[in-house]
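Comments concern the structure below.
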Amino acid sequence: MKKVGRNALCHCGSGKKFKNCHGQKSGGGSQGFYLLLGVIVVLAVVVIFSSFSDDPSTSRRNFAPQPGAAPPGKVWSPEHGHWHDTPGEVTPRIQPSPQVGGKPLTPLPPGPAPAGKVWSIEHGHWHNAPPQQ
């Protein structure tokens with residue numbers, strides 16, 4: 001059988017050169033590589049964004065376990081790792097300390113509060129307001 005030259009017309013009758021028709025190498029290696037790379041990137045993005053979920057049941061954050069019995073008027077916050085005032089009950093404070101846990105208190109930022117939020121001077125950011133009963 002005679003070998004077909006790369007620049008000869010293809011034997012299938014397409015009118016194309018053999019090198020551009022049936023003479024192409026069946027690599028597909030680079031396409032497969034890019035497909036695999038794309039799948040890996042998509043999975044990485046899903047894993048990263050699922051760790052930012054606000055739902056503790058789906059979040060991958062480490063929550064601090066409650067250290068023991070609750071002091072009066074306090075509830076444990078596993079998300080923050082410390083005690084908070086029980087919603088609706090504010091523990092009276094004579095004078096707030098300038099620091100909590102070695103971190104300075106953050107004053108309320110200027111302007112109105114966002115809807116459904118309350119400012120936390122301990123954490124320096126907005127929290128969801130407790131539900132009204």
Side-chain angles (χ1 to χ4, degrees):
M1 187 167 172
K2 186 177 174 186
K3 184 174 180 181
V4 179
R6 288 179 31 85
N7 290 319
L9 290 177
C10 188
H11 58 82
C12 71
S14 65
K16 296 180 183 180
K17 291 183 179 181
F18 178 75
K19 66 181 179 184
N20 294 327
C21 193
H22 282 86
Q24 290 182 343
K25 294 182 179 178
S26 59
S30 63
Q31 279 183 325
F33 171 76
Y34 288 119
L35 179 64
L36 179 62
L37 182 64
V39 169
I40 291 171
V41 168
V42 168
L43 287 175
V45 168
V46 168
V47 167
I48 289 170
F49 281 111
S50 69
S51 68
F52 292 112
S53 171
D54 288 333
D55 181 8
S57 66
T58 61
S59 178
R60 298 191 190 282
R61 291 180 283 191
N62 293 326
F63 288 93
Q66 183 173 339
K74 298 288 186 175
V75 292
W76 180 252
S77 171
E79 192 172 12
H80 297 126
H82 58 246
W83 298 101
H84 284 262
D85 292 333
T86 303
E89 297 178 28
V90 177
T91 306
R93 294 185 183 173
I94 297 170
Q95 185 178 12
S97 62
Q99 292 188 345
V100 173
K103 295 183 347 185
L105 298 177
T106 308
L108 180 68
K117 300 289 184 175
V118 292
W119 182 254
S120 170
I121 60 172
E122 293 177 24
H123 306 122
H125 58 253
W126 296 100
H127 286 266
N128 291 332
Q132 300 295 325
Q133 296 181 6

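Atoms considered below: every heavy atom in the structure, side chains included; atoms not considered: hydrogens, waters and symmetry mates.
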Minimum heavy-atom distance Trp83-Gly68, with the two atoms named: CH2-O, 3.8 Å

Considering all heavy atoms, the nearest Asn128-Val118 contact: O-CG2, 4.1 Å

Heavy-atom pair of closest approach, residues Val75 and Asp85: CG2-O, 4.0 Å

Aromatic ring pairing His80/His82, orientation class (parallel under 30°, perpendicular over 60°, tilted between): parallel

Distance in Å, Leu9 CG paired with Asn20 CG, rounded so as to fall on 0.5 Å steps: 11.0 Å

Ser120 (side chain) donor-acceptor with Trp126 (main chain) under 3.5 angstrom: no

Residue pairs, two or more places apart or on separate chains, that pass side-chain hydrogen bond (donor to acceptor under 3.5 Å, both in side chains) and touch residues 7-19: Asn7-Lys19

Contacts of type side chain to side chain contact (heavy atoms under 4.5 Å, CB included), residue Pro112, not counting sequence neighbours: none

Other ILVMFWY residues reachable from Val39 by side-chain steps of under 4.5 Å: Leu43

